[in-house]
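Worksheet for the structure shown next.
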Amino acid sequence: MIGSASNTRRTVVCFAALAALAIVASLCSTATAQDDFTVRLSEKENELAHTGDAMWSKWLMWDTGFQRMVDRNMPYLELTNAATSPDPITQFHITIGDNRFNFAPINGNVATLGSTTPGFSLTSSTVGGAGDELVVNIGNGGLLPGQTVRFKIKLGIDPSFQAAYANQFGSSLPDYRTVLFDMNGINVYDGTTGFDTKDNSQVHVVFGADTQSLKSVWPDEIVPNGQFFNSNIRSYSQQDMVNLFTLGGAIIPEPTSFGLGMIGVAGLFLKSRSRSRRAAA
């Protein structure tokens with residue numbers, strides 16, 4: 001009976017080791033440690049295209065307060081494939097953050113290719129048509145490592161929140177900095193303060209056919225001149241720098257570490273059982 005129990009335990013541990021190997025093989029087929037991406041966000045496409053150029057930044061800054069309100073309702077997203085692996089990015093996802101708002105169509109599309117990155121084939125939709133998660137498909141082989149694409153999005157107001165919004169901000173347009181995240185730790189729609197990312201936008205991408213990155217949560221941002229948003233429009237004599245925010249994509253963790261750990265534990269257990277048997281003999 002003792003020998004039978006020992007054999008049973010050894011069989012169970014061997015099966016556990018084999019299961020760990022199967023998990024490793026499965027994960028390795030769908031993820032790599034090098035897959036990475038970067039997302040940048042600005043109300044002006046040319047701030048993304050000419051980052052660090054002081055002349056461009058100064059020229060872009062001198063628009064009207066009304067035009068800046070419109071631009072901040074329809075910001076540009078810049079997606080870069082920063083991976084060292086050869087897999088292209090084929091799909092981009094971003095959630096709305098504050099779900100009292102939605103991703104609204106622009107001339108029938110919820111994402112419109114920018115003029116500074118021509119040649120990409122984009123199709124876009126929202127999950128379930130609900131407007132709360134934008135999905136951008138990148139065709140023609142996807143976004144290859146080192147490539148960048150820029151596209152415009154638009155923010156709408158949910159019907160259930162329109163009356164409350166109009167009561168507070170009139171006919172002005174919602175600012176992406178108050179919907180996708182909070183500026184300076186202020187939730188302007190709840191009237192609360194404190195840095196909290198629970199209602200902030202989340203981003204992830206798909207590499208190749210089905211390798212999904214981890215989700216990155218957009219942090220609350222520190223914004224100079226954060227008093228200019230929605231109906232709080234600056235006068236022409238006031239300065240308001242064009243904003244640019246960067247979100248680094250989360251690297252997919254190396255999948256073999258868990259599996260190797262399981263195999264190591266199994267090996268130690270088998271070795272310990274072997275020593276026990278030799279000692280008993």
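Hydrogens, waters and symmetry mates are skipped; everything else that's a heavy atom, side chains included, is used.
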Problem - 4.5 Å side-chain heavy-atom contact, F245 and L247 - result: no
Problem - Non-hydrogen atoms of Y165 and P174 that approach each other most closely - result: OH-N, 3.1 Å
Practice task
Please identify each residue that fulfils side chain to side chain contact (heavy atoms under 4.5 Å, CB included) with A104, with sequence neighbours left out.
Solution key: N102, K154
Exercise for the section: Please report the shortest heavy-atom distance between N243 and R177, naming the atom on each side. Expected result: OD1-NH1, 2.8 Å
Side-chain polar contacts of residues 181-188 - donor-acceptor pairs under 3.5 angstrom, sequence neighbours left out - could you list them?
from, atom 1, to, atom 2, distance (Å)
N184, OD1, V223, N, 2.7
N184, ND2, V223, O, 3.1
N187, OD1, Y189, N, 3.1
N187, OD1, D190, N, 3.1
N187, ND2, D190, OD2, 3.2
N187, ND2, D199, OD2, 3.1

Completion exercise
Residue pairs meeting salt bridge (charged side-chain N to carboxylate O under 4.0 Å, His left out), one or both in residues 73-86, sequence neighbours left out, come to R40-E78, E78-R150
Practice task
Look only at the side chain of E45 and the backbone of S115, and say whether a donor-acceptor pair between them is shorter than 3.5 Å.
Solution key: yes
Problem - Pairs meeting criterion salt bridge (charged side-chain N to carboxylate O under 4.0 Å, His left out) with involvement of residues 47-60, two or more places apart - result: none
Exercise for the section: Begin from the C-alpha positions of I233 and F228 and carry the test side chain to side chain contact (heavy atoms under 4.5 Å, CB included) through to its verdict. Expected result: CA-CA 6 Å; I233 298 176; F228 299 127; over 6 Å; no
Practice task
Measure the spacing between CG of N200 and CH2 of W218 and express it to the nearest 0.5 Å.
Solution key: 10.5 Å
Handout entry: side chain to side chain contact (heavy atoms under 4.5 Å, CB included) against L113, all qualifying residues, sequence neighbours excluded
Key = T117, F120, L122, V149
Problem - salt bridge (charged side-chain N to carboxylate O under 4.0 Å, His left out) partners of D240, counting only residues at least two apart - result: R68, R72
Practice task
Test side chain to side chain contact (heavy atoms under 4.5 Å, CB included) on N107 and T112 and set out the steps.
Solution key: CA-CA 9 Å; N107 298 324; T112 303; over 6 Å; no
Handout entry: Residue list, salt bridge (charged side-chain N to carboxylate O under 4.0 Å, His left out) with D196, at least two apart or on another chain
Key = K198
Handout entry: Backbone N/O of G97 and side chain of S201: donor-acceptor pair under 3.5 Å
Key = no
Problem - Atom CZ of F195 with >12 non-hydrogen neighbours under 6.0 angstrom - result: yes
Problem - Steps toward side chain to side chain donor-acceptor pair (under 3.5 Å) verdict (D175, N73) - result: CA-CA 5 Å; D175 189 313; N73 178 250; over 6 Å; no
Could you give the side-chain donor-acceptor pairs of residues 132-147 under 3.5 Å, partners two or more places apart or in another chain?
from, atom 1, to, atom 2, distance (Å)
E133, OE2, H93, ND1, 2.8
N137, OD1, Q91, NE2, 2.6
Q147, OE1, L144, N, 2.9

Exercise for the section: Rounded to the nearest 0.5 Å, what's the gap from CG on D158 to CZ on F101? Could you check? Expected result: 8.0 Å
Practice task
Using side chain to side chain contact (heavy atoms under 4.5 Å, CB included) as the criterion, point out the one residue from I96, T178, L173 that pairs with L155.
Solution key: I96
Practice task
Report the residues that fulfil ring pair (Phe, Tyr, Trp, His ring centres under 6.0 Å) with F92, sequence neighbours left out, ordered by chain and then residue number.
Solution key: F151
Exercise for the section: To the nearest 0.5 Å, tell me how far I153 CD1 sits from L41 CG. Expected result: 6.5 Å
Problem - Co-members of the apolar cluster containing W59 [side chain, <4.5 Å] - result: W56, L60, V242
Completion exercise
For P86, the side chain to side chain contact (heavy atoms under 4.5 Å, CB included) test, sequence neighbours excluded, returns none
Handout entry: Value rounded to 0.5 Å, distance of OG in S231 from CD in Q168
Key = 8.0 Å
Exercise for the section: Give, for atom OG of S171 and atom CG of N230, the distance between the pair rounded to the nearest 0.5 Å. Expected result: 11.0 Å
Practice task
Answer with yes or no whether the hydrophobic clustering places F66 together with M74; edges join I, L, V, M, F, W, Y residues whose side-chain heavy atoms lie under 4.5 Å apart.
Solution key: yes
Fill in the blank from the handout: Closest non-hydrogen atoms of W62 and Q238, given as atom of the first, atom of the second and distance, are CZ3-O, 4.2 Å
Problem - Minimum heavy-atom distance E43-Y76, with the two atoms named - result: O-CD1, 4.3 Å
Handout entry: Side chain proximity check, P224 to M241, heavy atoms < 4.5 angstrom
Key = no
Exercise for the section: Please check if L180 and I157 belong to a single hydrophobic cluster, counting links between Ile, Leu, Val, Met, Phe, Trp and Tyr side chain heavy atoms closer than 4.5 Å. Expected result: yes
Exercise for the section: Check the pair S216, Q202 against side chain to side chain contact (heavy atoms under 4.5 Å, CB included), reporting the backbone distance first and the verdict last. Expected result: CA-CA 5 Å; S216 296; Q202 296 185 18; over 6 Å; no
Completion exercise
Applying salt bridge (charged side-chain N to carboxylate O under 4.0 Å, His left out) to K44 and not counting sequence neighbours gives D63, D71
Problem - Whether T211 side chain and G208 backbone form a donor-acceptor pair below 3.5 Å - result: no
Exercise for the section: With rounding to the nearest 0.5 Å, note down the distance linking OG1 in T148 to CG in N81. Expected result: 9.0 Å
Exercise for the section: Determine whether L77 and Y176 make a side-chain contact, defined as any pair of heavy atoms from C-beta on separated by less than 4.5 Å. Expected result: no
Problem - Minimum heavy-atom distance between F207 and I89, given as atom pair plus value - result: CE2-CG1, 3.5 Å
